[in-house]
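A quick write-up on the structure given underneath.
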Amino acid sequence: MRTHYCGDLRATDIDQTVTLFGWVDRRRDHGGVIFIDLRDRTGLAQIVSDPERTPDSYPMAEDVRNEYVVKIVGRVYQRPPASLNPKLPTGEVEIYADTIEVLNTVRKQLPFQVSLADNETVREDLRLKYRYLDLRRERMNHNIRLRHAVVKAIRRFLEDQQGFIEVETPVLTRSTPEGARDYILPSRVNPGQWFALPQSPQLFKQLLMVSGFDRYYQIARCFRDEDLRADRQPEFTQLDMEMSFMSQEEIIQLNEDLVCHIFKEIKGIDLPRPFPRLTYAEAMDRYGSDRPDTRYGLELVDVSDVVQDSKFKVFSGAVKSGGIVKILPIPNGNDHISNVRIKPGGDLFNEATDAGAKGLAYIRVRDDMVIDTIGAIKDNLTNEQKQEILNRTGAQPGHLLLFAAADTTTVNKTLDRLRQVVAKELELVDTDAINLLWVTEFPMFEWNADEKRYEALHHPFTAPYPDDQADLPTARAQAYDIVFNGFEIGGGSLRIYQSELQTKAFETIGLSDEEAQEKFGFLLEAFEYGTPPHGGIAYGLDRLVMLLAGEESIRDAIAFPKTQQARCLLTQAPSTVDNAQLQELHVASTHKPKKQED
RNA sequence: GGGGGUGUAGCUCAGUUGGCCUAGAGCGCCUGUCUGUCGAACAGGAAGUCGCGGGUUCAAAUCCCGUCUCCCCCGCCA
């Protein structure tokens with residue numbers, strides 16, 4: 001049997017006879033001596049075979065090829081001084097192979113090299129089709145093991161230090177309104193009825209609080225049938241938590257403890273405490289986003305009051321109709337960003353109009369603080385107004401000021417996007433920085449102008465601040481998001497635990513008593529039987545692992561992810577099924593496949 | 001649903017205004033030389049439905065139309 005892992009061998013193992021199993025990572029044949037890099041999950045070890053020192057193993061060493069699975073028995077030796085390899089943890093030693101046994105060969109040409117140079121990449125669709133080979137590679141092997149380490153750290157902390165217990169909740173559950181599109185499954189036993197896969201264990205974890213479990217967590221698979229992005233998969237994993245009898249402050253503290261524990265375990269970093277906090281209003285004001293990336297400046301400046309009476313109608317008009325005017329000040333922007341890019345047809349202009357803005361005004365600050373801009377702005381702002389704009393933005397010669405004037409949402413969305421584009425282009429992002437922060441005091445509801453109704457910003461079980469209960473539509477929620485370098489990695493809230501207040505919340509989003517009863521009756525009823533005050537949080541585990549791994553796609557944090565078309569290239573799922581299978585489920589497809597020639 | 005990008009040897013890519021393309025390079029693969037390499041080196045060799053289908057042309061990897069894949073983004077994702 002195996003006595004050691006390859007990557008663990010050290011000088012202290014010298015003179016030992018070891019048995020190793022693994023894959024041939026590389027083979028270097030010098031005619032008289034053959035080196036084999038043997039790889040297992042821990043790393044590489046150099047195997048040596050030549051006709052004099054290891055006559056028995058030499059014929060086999062000649063025959064093995066990359067990715068063969070072999071068993072090697074041999075003795076650990078100190079490497080000759082000139083042959084030490086400081087690049088390898090095992091680089092001080094090598095194994096003289098007494099025997100090399102091929103346990104399995106590679107019968108087909110490998111679709112890509114498992115072991116390849118750092119600067120080479122492989123097309124992602126190939127990697128996904130042959131994911132088992134991709135996972136053999138260092139990068140993915142590391143990511144998946146990192147993911148495990150994160151989960152392990154979470155479990156150790158929550159279970160061993162904080163008294164949480166993990167409870168599994170159903171994957172076959174019921175469809176609920178609001179939120180994302182559900183994945184649904186037909187019930188064979190109940191013709192015409194459907195299960196839904198959970199978008200999150202939200203309702204169950206609240207019920208577990210009613211049951212008195214007090215501290216629940218789960219590494220929970222969640223499903224949302226929406227279009228994919230680099231950081232969004234249709235099935236993903238949440239670290240889901242819920243606690244009873246804790247204030248928002250206590251929950252935030254416990255979660256800072258958790259996040260610090262994770263960073264300490266994974267990165268060996270002691271994060272500074274407490275994490276900075278921004279209210280939602282402050283985040284929107286300063287960054288135009290509820291998940292600001294604070295690794296760089298470029299804070300927005302509101303000048304609505306300065307320009308509200310100006311003769312430049314774009315500005316004053318926006319303010320008069322209830323909107324705002326804000327500036328994104330860009331130090332040295334004049335050197336990097338040309339007028340062509342700001343004017344119609346330019347990429348920054350398009351970025352702005354994509355966000356809903358009608359255009360993009362600008363002021364360039366030249367030497368001696370001379371203002372360079374279009375005539376309409378130059379002529380229609382008073383000197384006092386110009387001076388105040390320069391003062392507020394802290395403008396210096398070289399500054400480019402980009403203006404957005406519209407309704408508040410559009411202005412923030414526009415400048416948030418431009419802020420990110422500019423930061424990336426001017427390389428203002430400190431990629432080594434780790435910025436964690438809380439965003440608090442979210443509004444309970446958001447007005448949906450298209451559907452003319454309020455929508456829950458977080459979800460409809462979120463509790464308002466006690467002082468705000470009288471007017472729910474404008475109430476602030478006791479909700480909190482945790483943001484990591486501009487990514488929302490988690491969010492949670494205190495929950496409503498009184499059925500009267502819950503009913504009011506449903507009313508606010510236009511969910512009638514009847515509908516509420518039909519969809520959430522079980523929850524409302526549960527609240528009638530002694531419900532503790534409770535609250536919780538859920539983290540996007542895949543996203544967290546992605547960021548910790550330094551990856552830019554959530555797929556690189558998941559062993560077997562889906563493509564952007566929500567397909568699995570490895571198994572070719574989803575697929576068609578037999579008609580008989582459908583009939584059994586009382587289901588018929590209405591999809592008409594395109595004509596195929598054959 | 002929409003916008004953008006992509007597809008050429010097993011892999012990563014080059015291939016300019018259509019013709020020196022009978023499609024190249026590096027890596028990998030195969031054969032050989034070589035006893036201290038570690039992305040071994042050197043010599044030789046095999047290897048292509050230029051995503052797929054149509055069209056224009058004397059001539060298409062290159063131009064046009066359609067279509068598919070994968071990626072990024074918008075919408076969507078409480």
Side-chain angles (χ1 to χ4, degrees), chain A residues 25-38 44-54 58 61 65-67 77 79-88 90-91 94 106 108-130 133 176-182 199-200 202 222-234 236 347 350-351 353-356 413 417 421 442 444-446 448 450 454-462 477 479 488 491 493 505 509 511 538 540 552-553 555 562-565 567 569 594 596-597:
Chain A
D25 192 70
R26 271 208 171 82
R27 177 176 163 279
R28 291 177 295 279
D29 185 346
H30 287 249
V33 60
I34 295 172
F35 299 99
I36 294 169
D37 287 340
L38 188 67
L44 298 177
Q46 176 163 283
I47 313 297
V48 185
S49 184
D50 69 39
E52 286 165 23
R53 289 175 291 192
T54 61
Y58 190 71
R65 292 294 179 270
N66 288 350
E67 300 309 314
Y77 280 82
R79 289 197 190 191
S83 296
L84 298 174
N85 185 352
K87 282 190 262 178
L88 284 180
T90 60
E94 58 192 1
V106 173
K108 298 174 68 176
Q109 178 149 42
L110 290 163
F112 51 82
Q113 289 167 249
V114 172
S115 177
L116 46 68
D118 297 337
N119 58 353
E120 276 200 299
T121 55
V122 179
R123 278 183 76 92
E124 193 174 3
D125 47 344
L126 257 190
R127 291 173 53 203
L128 293 177
K129 182 173 179 186
Y130 299 97
L133 292 178
T176 52
E178 298 269 331
R181 192 178 293 114
D182 284 320
Q199 295 181 24
S200 78
Q202 182 63 34
C222 304
F223 307 87
R224 294 178 189 177
D225 188 3
E226 297 293 346
D227 286 345
L228 288 76
R229 288 285 189 283
D231 63 351
R232 267 165 35 194
Q233 283 272 303
F236 61 101
D347 62 321
N350 288 341
E351 197 70 41
T353 51
D354 280 356
K413 191 173 174 182
R417 280 203 204 178
V421 170
F442 282 81
M444 289 272 286
F445 303 103
E446 206 173 33
N448 182 327
D450 293 340
Y454 285 101
E455 286 177 342
L457 199 75
H458 201 63
H459 58 57
F461 314 106
T462 303
E488 180 201 325
S493 64
I509 57 171
L511 199 65
E552 289 185 350
S553 165
R555 293 182 297 277
K562 307 281 187 289
T563 67
Q564 199 167 54
Q565 295 305 308
R567 303 196 63 89
L569 295 182
K594 285 176 188 164
Q596 287 180 344
E597 293 173 78

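The model shown is predicted, which means the values in this text are computed figures rather than measured ones.
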Check your understanding: How would you list, by chain and number, every residue that makes a ring pair (Phe, Tyr, Trp, His ring centres under 6.0 Å) with A/Phe223, sequence neighbours excluded?
Key -> none
Review point. Ignoring hydrogens and angles, does a donor from either the side chain of A/Gln565 or the base of B/rU69 sit under 3.5 Å from an acceptor on the other?
Key: no
Review point. B/rC11 base stacked by A/Phe112? Criteria: ring centres under 5.5 Å, plane angle under 30°.
Key: no
Check your understanding: For A/Arg28 and A/Gln46, does a side-chain donor sit closer than 3.5 Å to a side-chain acceptor?
Key -> yes
Check your understanding: Does a nitrogen or oxygen in the side chain of A/Arg79 sit under 4.0 Å from OP1 or OP2 of B/rC38?
Key -> no
**Study point:** Whole angstrom value for the distance that separates P of B/rU35 from OH of A/Tyr77
**Key:** 21 Å
Practice item. Under the side chain to side chain contact (heavy atoms under 4.5 Å, CB included) rule, what do A/Asn66 and A/Gln113 come out as? Steps first, then yes or no, please. Key: CA-CA 9 Å; A/Asn66 288 350; A/Gln113 289 167 249; over 6 Å; no
Practice item. To the nearest Å, give me how far apart CZ (A/Arg26) and C1' (B/rA41) are. Key: 14 Å
Review point. So how far is it from A/Met444 CE to A/Glu455 CD, rounded to the nearest 0.5 Å?
Key: 14.0 Å
Review point. In Å, rounded to the nearest 0.5 Å, how long is the span from CG of A/Leu569 to NZ of A/Lys562?
Key: 10.5 Å
Point to revise | Side chain of A/Arg65 (C-beta onward), nearest among B/rC34, B/rU31, B/rC38 | key: B/rU31
Exercise for review: Using the C1' atoms only, state how far B/rC72 lies from B/rG15, rounded to an integer number of Å.
Suggested key: 26 Å
Practice item. Indicate, with a heavy-atom threshold strictly under 4.0 Å, whether A/Arg555 touches base, sugar-phosphate, or nothing. Key: sugar-phosphate
**Study point:** Rounded distance in Å - NZ (A/Lys129) to P (B/rC71)
**Key:** 15 Å
Review point. Considering only B/rC29, B/rU37, B/rC11, which nucleotide approaches the side chain of A/Gln109 most closely?
Key: B/rC29
Revision key, fill the gap. Side-chain atoms of A/Gln564 come closest, of B/rC72, B/rC27, B/rG36, to B/rC72
Check your understanding: Among B/rG36, B/rC71, B/rC11, which is the nearest nucleotide to the side chain of A/Leu126?
Key -> B/rC11
Exercise for review: Could you tell me whether A/Pro111 contacts a base, only the sugar-phosphate backbone, or nothing, with contacts defined as non-hydrogen atoms closer than 4.0 Å?
Suggested key: sugar-phosphate
Exercise for review: Indicate whether OP1 or OP2 belonging to B/rC70 is found under 4.0 Å from a side-chain N or O atom of A/Thr563.
Suggested key: yes
Check your understanding: Taking atom P in both B/rC64 and B/rG7, what distance in whole Å separates the two?
Key -> 15 Å
Exercise for review: Side-chain contact test, heavy atoms from C-beta onward, threshold under 4.5 Å: evaluate it for A/Pro80 versus A/Glu94 and give yes or no.
Suggested key: yes
Check your understanding: P atom, B/rC27 versus B/rU69: distance in rounded Å?
Key -> 35 Å
Revision key, fill the gap. Sequence neighbours excluded, the answer for side-chain contact (heavy atoms from CB on, under 4.5 Å) partners of A/Glu351 is A/Arg417, A/Leu418, A/Val421
Check your understanding: When we call it a touch if two heavy atoms are under 4.0 Å apart, what does A/Ser493 touch: a base, just sugar-phosphate, or nothing?
Key -> nothing
Review point. How about A/Glu226: does its CD atom have over 12 heavy atoms from other parts shown lying under 6.0 Å from it?
Key: yes
Review point. Counting side-chain heavy atoms from C-beta on, which of B/rC11, B/rC27, B/rA78 comes nearest to A/Val122?
Key: B/rC11
Point to revise | Which nucleotide in B/rU35, B/rC77, B/rC38 has an atom nearest any side-chain atom of A/Arg28 | key: B/rC38
Point to revise | Near-parallel close stack of A/His458 and B/rA78 base (under 5.5 Å, under 30°) | key: no
Exercise for review: Output the distance between atom CD (A/Glu552) and atom CG (A/Asp231), rounded to the nearest 0.5 Å.
Suggested key: 11.0 Å
Exercise for review: Taking only the side-chain heavy atoms of A/Ala230 (C-beta and beyond), determine which of B/rC72, B/rC27, B/rG36 contains the nearest atom.
Suggested key: B/rC72
Check your understanding: When rounded to the nearest 0.5 angstrom, what distance separates NE2 in A/His30 from CG in A/Asp50?
Key -> 12.0 Å
Point to revise | Base-pairing mate for B/rC34 - Watson-Crick or G-U, with both contacts under 3.5 Å | key: none
Practice item. Rounded to whole angstrom, note down the P distance from B/rA25 over to B/rA9. Key: 14 Å
Dump the pairs, protein N or O against N or O of nucleotides 74-76 of chain B, anything under 3.5 Å, distances to one decimal.
from, atom 1, to, atom 2, distance (Å)
B/rC74, OP2, A/Arg229, NE, 2.9
B/rG75, OP1, A/Lys413, NZ, 2.9
B/rG75, N7, A/Arg229, NH2, 2.8
B/rG75, O6, A/Asp227, OD2, 3.4
B/rG75, O6, A/Arg229, NH1, 2.9
B/rG75, O6, A/Arg229, NH2, 3.2
B/rG75, N1, A/Asp227, OD2, 2.4
B/rG75, N2, A/Asp227, OD2, 3.1
B/rC76, O2', A/Glu226, OE1, 2.4
B/rC76, O2, A/Arg232, NH2, 3.0
B/rC76, N3, A/Arg232, NH1, 3.3
B/rC76, N3, A/Arg232, NH2, 2.8
B/rC76, N4, A/Arg229, NH2, 3.4
B/rC76, N4, A/Arg232, NH1, 3.3

Check your understanding: Can you tell me how far C1' in B/rG26 sits from the matching atom in B/rA41, rounded to whole Å?
Key -> 16 Å
Review point. Could you state the CG-P distance from A/Leu133 to B/rC11, rounded to the nearest angstrom?
Key: 13 Å
Review point. Given atom CD of A/Gln46 and atom P of B/rG36, what is their separation to the nearest angstrom?
Key: 13 Å
Exercise for review: Round to the nearest Å and state the distance from A/Glu552 atom CD to B/rC71 atom P.
Suggested key: 15 Å
Check your understanding: Does the side chain of A/Arg123 get closer than 4.0 angstrom to OP1 or OP2 of B/rC71 through an N or O atom?
Key -> no
Review point. Hey, does the side chain of A/Lys87 come within less than 4.0 Å of B/rG39's phosphate (OP1/OP2), counting only N and O?
Key: yes
Review point. Touch check for A/Leu84, heavy atoms < 4.0 angstrom, all strands: base, sugar-phosphate only, or nothing?
Key: base
Review point. For atom C1', what is the distance between B/rU6 and B/rU67, given to the nearest Å?
Key: 15 Å
**Study point:** Closest to the A/Ser83 side chain, choosing from B/rA78, B/rC38, B/rA40
**Key:** B/rC38
Point to revise | Minimum-distance nucleotide to A/Asp125 side chain [options: B/rA78, B/rU69, B/rG10] | key: B/rU69
Check your understanding: Atom CG of A/Asp50 to atom P of B/rU37: distance rounded to whole Å?
Key -> 14 Å
Point to revise | Sugar-phosphate, base or nothing in reach of A/Leu44, heavy atoms under 4.0 Å | key: nothing
Exercise for review: Look through every strand shown and name the nucleotide pairing with B/rA25 as Watson-Crick or G-U wobble, where both distances are under 3.5 Å.
Suggested key: B/rU12
**Study point:** Value rounded to 0.5 Å, distance of CD in A/Gln202 from OG in A/Ser493
**Key:** 6.5 Å
Check your understanding: Should A/Asn66 be listed as having a side-chain N or O under 4.0 Å from OP1 or OP2 of B/rC29?
Key -> yes
Practice item. Quickly work out the A/Asp182 CG to B/rA78 P distance and round it to whole Å. Key: 10 Å
Practice item. Decide yes or no, distance alone: a donor-acceptor N/O pair under 3.5 angstrom between the base of B/rC38 and the side-chain of A/Asn85. Key: yes
